[in-house]
Amino acid sequence: MELVFATGNRDKVQEVREILQSLLTEQKIEISIVTPAELGLFDDIPETGSTLEENAEEKCLYLWEKLGRNCFADDTGLEVDMLGGAPGVFTARYAGPSKDHNANMDKVLAEMQAVEERNRENPPARTARFRACIALKFNGTLYRFEGVMEGTIARERAGVQGFGYDPIFIPEGSTRTLAEMTLHQKNAISHRGKAVRALAEFLKGASR
């Protein structure tokens, strides 16, 4: 079984391949995850939706129309409660179109510090969550999957693993950031891991 993953992010591809292959090979289901670039498509895939769900669907349907192959796309958002749910749908480009991870983290930490300084007597909690939405176009039908990971935002970076906001996100029940975990440990609890496992369960049923 081959699926095209609408991303050029190597870290995302590695995470998704690790989860799907580990789950599906147990069922003797061979799966190959390929990127648009590996198929010769180098388009800047649009994501103009106002929600994570809309972005995932837009990217997935764009690939389907271009390639005509079973494909999926994800969109992930960090929702920080004291920032009113920001950066949300703008997570990847919060500090600008360059999608610079460090600049994004700097902006989130600075904005949170500003909120705390304005509310010194009763500072709000640093709670946050990651949401991952996956859209799958499989044999002509569109399916959706979602995963959520609750946690808090650290006051400074810690760890060198992962990508994105991993160095400042501490999952609920942990004292370490995602960037202090191995890929296997992160995938076991992450928002994307949950969404991809739901995708894997669907693919198991579809292959019977």
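Bear in mind that the values here come from a model prediction, so they are computed numbers and not experimental data.
In terms of modelled atom types and a separation under 3.5 Å, the side chain of Thr91 and the main chain of Leu78 share a donor-acceptor contact. Put simply, the side chain of Ser22 gets close to the backbone of Ile19: a donor and an acceptor are under 3.5 Å apart. A donor-acceptor contact shorter than 3.5 Å is absent between the side chain of Gln14 and the backbone of Asp11.
With sequence neighbours left out, Gln185 forms a side chain to side chain contact (heavy atoms under 4.5 Å, CB included) with Arg176, Met181, Thr182. For Phe72, the ring-ring contact (aromatic ring centres under 6.0 Å, His included) criterion is met by Phe5, not counting sequence neighbours. Partners of Glu117 under the side-chain hydrogen bond (donor to acceptor under 3.5 Å, both in side chains) rule, at least two apart in sequence or in another chain, are Gln113. The ring-ring contact (aromatic ring centres under 6.0 Å, His included) search around Tyr143 returns Phe202, not counting sequence neighbours. Partners of Glu111 according to the salt bridge (charged side-chain N to carboxylate O under 4.0 Å, His left out) rule, which considers only residues two or more places apart in sequence or in another chain, do not exist here. Listed by chain and residue number, nothing satisfies the salt bridge (charged side-chain N to carboxylate O under 4.0 Å, His left out) test with Asp44 (two or more places apart in sequence, or in another chain). Shown here are the ring-ring contact (aromatic ring centres under 6.0 Å, His included) partners of Tyr62, two or more places apart in sequence or in another chain: there are none. Among residues two or more places apart in sequence or in another chain, the side chain to side chain contact (heavy atoms under 4.5 Å, CB included) test is passed with Ala103 by Ala95, Asp100.
Within the 4.5 Å cutoff, the side chain of Ser32 has no heavy atoms near those of the Met1 side chain. Residues Leu61 and Lys137 have side chains in contact (heavy-atom distance under 4.5 Å, counting atoms from C-beta outward). Two residues are said to be in side-chain contact when any heavy atoms from C-beta on lie closer than 4.5 Å; Asp43 and Pro36 fail this criterion.
Within the structure, salt bridge (Lys or Arg N to Asp or Glu O under 4.0 Å) pairs that include any residue of residues 69-81 comprise Glu2-Arg69, Lys12-Asp74, Lys59-Asp75, Asp74-Arg192, Glu79-Arg129, Glu79-Arg131, Asp81-Arg129 (at least two apart or interchain). Identified under the ring-ring contact (aromatic ring centres under 6.0 Å, His included) test for residues 76-112, with sequence neighbours left out: none. Contacts classified as ring-ring contact (aromatic ring centres under 6.0 Å, His included) and involving residues 165-197 (residues at least two apart or in different chains) are given here: Phe130-Phe169, Phe130-His191.
Between Arg155 and Glu116 there is a salt bridge, since at least one side-chain N of the basic residue sits less than 4.0 Å from a carboxylate O of the acidic one.
If you chain together hydrophobic residues whose side chains sit under 4.5 Å apart, Ile29 and Val4 never meet in one group. A single hydrophobic cluster is not seen to contain both Phe163 and Ile189; linkage of ILVMFWY side chains at heavy-atom distances under 4.5 Å, directly or through other members, places them apart. Residues Val13 and Leu136 share a hydrophobic cluster, clusters being chains of Ile/Leu/Val/Met/Phe/Trp/Tyr side chains in contact below 4.5 Å. Residue Phe138 is grouped with residue Val16 when hydrophobic side chains (ILVMFWY) are merged at heavy-atom distances under 4.5 angstrom, including chains of intermediate members. Clustering ILVMFWY residues whenever any of their side-chain heavy atoms sit less than 4.5 angstrom apart, transitively, puts Leu83 in the very cluster that holds Leu109.
The nearest pair of heavy atoms linking Gly49 to Asn55 is N-OD1, 2.7 Å. Considering every non-hydrogen atom in both Met149 and Leu178, the closest pair reads CE-CD1, 3.5 Å. What you find for Asn102 and Arg157 is that their closest heavy atoms are O-NH2, 3.1 Å. Leu3 and Ile31 make their closest contact through CD1-CD1, 3.9 Å (heavy atoms, listed as atom of the first residue, atom of the second, distance). Annotation for Gly77 and Leu52: closest pair N-CD1, 3.6 Å, computed over non-hydrogen atoms. Across all their heavy atoms, Cys71 and Cys60 have their closest contact at SG-O, 3.4 Å.
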(request) Could you please spell out the steps behind the side chain to side chain contact (heavy atoms under 4.5 Å, CB included) verdict for Val34 and Leu39? (result) CA-CA 8 Å; Val34 298; Leu39 298 175; 4.0 Å; yes
(request) Let me see the working for Met82 and Ile153 under side chain to side chain contact (heavy atoms under 4.5 Å, CB included), right down to the final yes or no. (result) CA-CA 10 Å; Met82 75 162 68; Ile153 301 299; over 6 Å; no
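If you take CG on Leu23 and CG on Leu203, they are separated by 10.0 Å, rounding to the nearest 0.5 Å. How far OG1 of Thr7 is from CG of Leu63: 10.0 Å, rounded to the nearest 0.5 Å. For the atom pair OG1 (Thr177) and CD1 (Ile170), the distance works out to 7.0 Å, reported to the nearest 0.5 Å. For the atom pair CZ of Arg17 and CD1 of Ile33, the computed distance is 7.5 Å after rounding to the nearest 0.5 Å. Between the CD1 atom in Ile134 and the CZ atom in Arg144 there is a gap of 13.0 Å [rounded to 0.5 Å].
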Result block: side-chain N/O donor-acceptor pairs under 3.5 angstrom for residues 193-200, not counting sequence neighbours:
residue, atom, partner, partner atom, Å
Lys194, NZ, Val148, O, 2.7
Arg197, NH1, Asn187, O, 2.7
Arg197, NH2, Ala188, O, 3.2

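For the residue pair Ser50 / Glu54, a side-chain donor-acceptor distance below 3.5 Å is found, with atom types taken as modelled. Thr127 and Glu150 share no side-chain donor-acceptor pair at under 3.5 Å.
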